[in-house]
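Each chain gets a letter, A, B and so on, in the order the sequences are listed, and its residues count up from 1.
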2 protein chains.
Amino acid sequence: MGAGSSTVAVRAGEPSSRERILDAAEDLFARRGYAGVGLREVAEDVGLGKSSLFHHFPNKPELYAAVCARILERIDAGVARSLARSGSAAERFLGAIDDLVLALSRRPGDARILLRSLFEDDDLPGESAEQKRGEAFVKRIVSRVEAVLGEGMAAGGIRRASPRPLLLLVVGLVVFPAASGEFGEELIGGAVQAPQNLALIREETRRLLAQGLVIPIVG
Amino acid sequence: MGAGSSTVAVRAGEPSSRERILDAAEDLFARRGYAGVGLREVAEDVGLGKSSLFHHFPNKPELYAAVCARILERIDAGVARSLARSGSAAERFLGAIDDLVLALSRRPGDARILLRSLFEDDDLPGESAEQKRGEAFVKRIVSRVEAVLGEGMAAGGIRRASPRPLLLLVVGLVVFPAASGEFGEELIGGAVQAPQNLALIREETRRLLAQGLVIPIVG
DNA sequence: GGACGGACCGACCGATCGGTCGGGTGACAT
DNA sequence: ATGTCACCCGACCGATCGGTCGGTCCGTCC
């Protein structure tokens, strides 16, 4: 299929083979994890022979690292854009979280791979360049959010807290709902991405961060 | 090794082979996921031949399902115990969450497998009895927490909210920090289980649920 | 004593894994 | 015309996968 798409100059608008490999691999890794996906399956989804994958990526760990790095790059860019808006630190923080919830729910695969890459230790043994690139994006994202949190605490719009443990909680709070598959669907009735469900999740996330859950005792 | 430990009547206090297989499998599955663990490795950790595993479990999916079910059973029991304490619904809810954070941080493998089983869809293809047992525990846990939330909302100690989406958020909030491995360690300085870090996480979790993060505008 | 069955084992099976190899094809520069 | 290079392929490799099989050992029951 797609006859004549293999000229040296990539047809404008058509993704390159490398990009299509990343797309297919991302989709599969998101569903079944690193060890659960075979390169034959990736190649078949792309429409290439398995050996062609090795022309674009040296081996499986590097392919996975590239998938992760691409996702983290997207998320970092989105967070940067969200935080660049105007408003108080607290407003920018809440807005960025809301944007992130929205973005992850639109791309559940991103949420899942992100979640995996954050809580699986020894998926990848080596320390490749692509892997370091991904870790750098993680650090950038963390430092961005940490900065706005610190700003908000200094300004008084965000209550004083330990920023790093708090970040850990927020990551789970934001990433998991978008990543939860059948469990999320069964819990709330229907897909997380469905407009009305997504609206509820965004609303509850915002209110939880903004107001907590327990009603303070008045007087 | 372990000469003379294979009498029919299990030595009192010594776990049975089945239990030791579950222990080893839980440890490995927690670290590398379902597809990332080979049965040879499980058997070797236990100190048995690989074929002996099939004497206790019919196949790999059933072993995994049994591991999951055992974890979910533990968690359900803990949640039930926590919620049985006295106090207002809001207090019982916060107490149960705190207990759960504590329990999961003590057994990070539980947190990881729980997280995996909640957001990986097609890990297990079939519908075995053990798998249904696990799903039943999930439903019991959900209904327990949902009940106390509803009670709190009715009594006024917990603000009105959509219980199911809220539950989804809370699961991510509670489970992820305990499951986060190297990422969590790098983010906060040191292991999540370390007493001072654990105290911080418990404190921030409680305050986030109780008060939120943003300081309400007074006046 | 002899049959039985639970627990365990080594050897083996077909399938699939990640990865290699040699070669083919077409665009392009010389 | 020739060489080069990016891209792609089928065939193949050793290793490992989940799972089966026949058989051993030993305590229990009749």
- Message: Below 4.0 angstrom, which residues in residues 50-59 of chain A have at least one non-hydrogen atom near DNA chain D?
- Response: A:Ser51, A:Ser52, A:His55, A:His56
- Task: To the nearest Å, give me how far apart CZ (B:Arg32) and C1' (C:dC17) are.
- Result: 16 Å
- Under 4.0 angstrom, heavy atoms only, what part of the nucleic acid is A:Val46 near: base, sugar-phosphate, or nothing? nothing
- Item | Distance in angstrom units between A:Glu41 CD and C:dA15 P, rounded | 18 Å
- Task: Taking only Lys NZ, Arg NE, NH1 and NH2, and the carboxylate oxygens of Asp or Glu, determine whether B:Glu120 and A:Arg31 approach each other closer than 4.0 Å.
- Result: no
- Hey, is A:Arg116 close enough to A:Glu26 for a salt bridge, meaning N to O under 4.0 Å? no
- How close or far is atom C1' of C:dG19 from atom OH of A:Tyr64, stated in whole angstroms? 20 Å
- Note on the structure: B:Lys60 atom NZ is separated from D:dG18 atom P, nearest whole Å, by 4 Å
- Task: Determine the interplanar angle of the B:Phe119 and A:Phe119 rings, folded into 0 to 90°, and report it as parallel if under 30°, tilted if 30 to 60°, perpendicular if over 60°.
- Result: perpendicular
When the side chains of residues 40-52 of chain B are checked against the rest of the protein, which donor-acceptor pairs come out under 3.5 Å, sequence neighbours left out?
from: B:Glu41; atom 1: OE1; to: B:Arg32; atom 2: NH2; distance (Å): 2.7
from: B:Glu41; atom 1: OE2; to: B:Arg32; atom 2: NH2; distance (Å): 2.3

- Task: May I ask you to say what B:Val37 touches in the nucleic acid, namely base, sugar-phosphate or nothing, with a heavy-atom cut-off under 4.0 Å?
- Result: sugar-phosphate
- Task: Starting at atom CG of B:Leu63, determine the distance to atom P of D:dC17, rounded to an integer number of angstrom.
- Result: 15 Å
- Message: Does the plane of the ring in B:Tyr64 sit parallel, tilted or perpendicular to the ring in B:Phe29? Use 30° and 60° as the thresholds.
- Response: perpendicular
- On DNA chain C, nearest-nucleotide positions of B:Arg40 versus B:Arg18: which is more 5'? B:Arg18
- Query: Is any side-chain N of the basic residue among B:Asp99 and B:Arg81 closer than 4.0 Å to the acidic one's carboxylate O?
  - Reply: no
- Message: Tell me the interatomic distance from B:Tyr34, atom OH, to D:dG18, atom C1', rounded to whole angstroms.
- Response: 9 Å
- Task: May I have the distance from A:Leu39 (atom CG) to C:dC17 (atom C1'), rounded to whole angstrom?
- Result: 9 Å
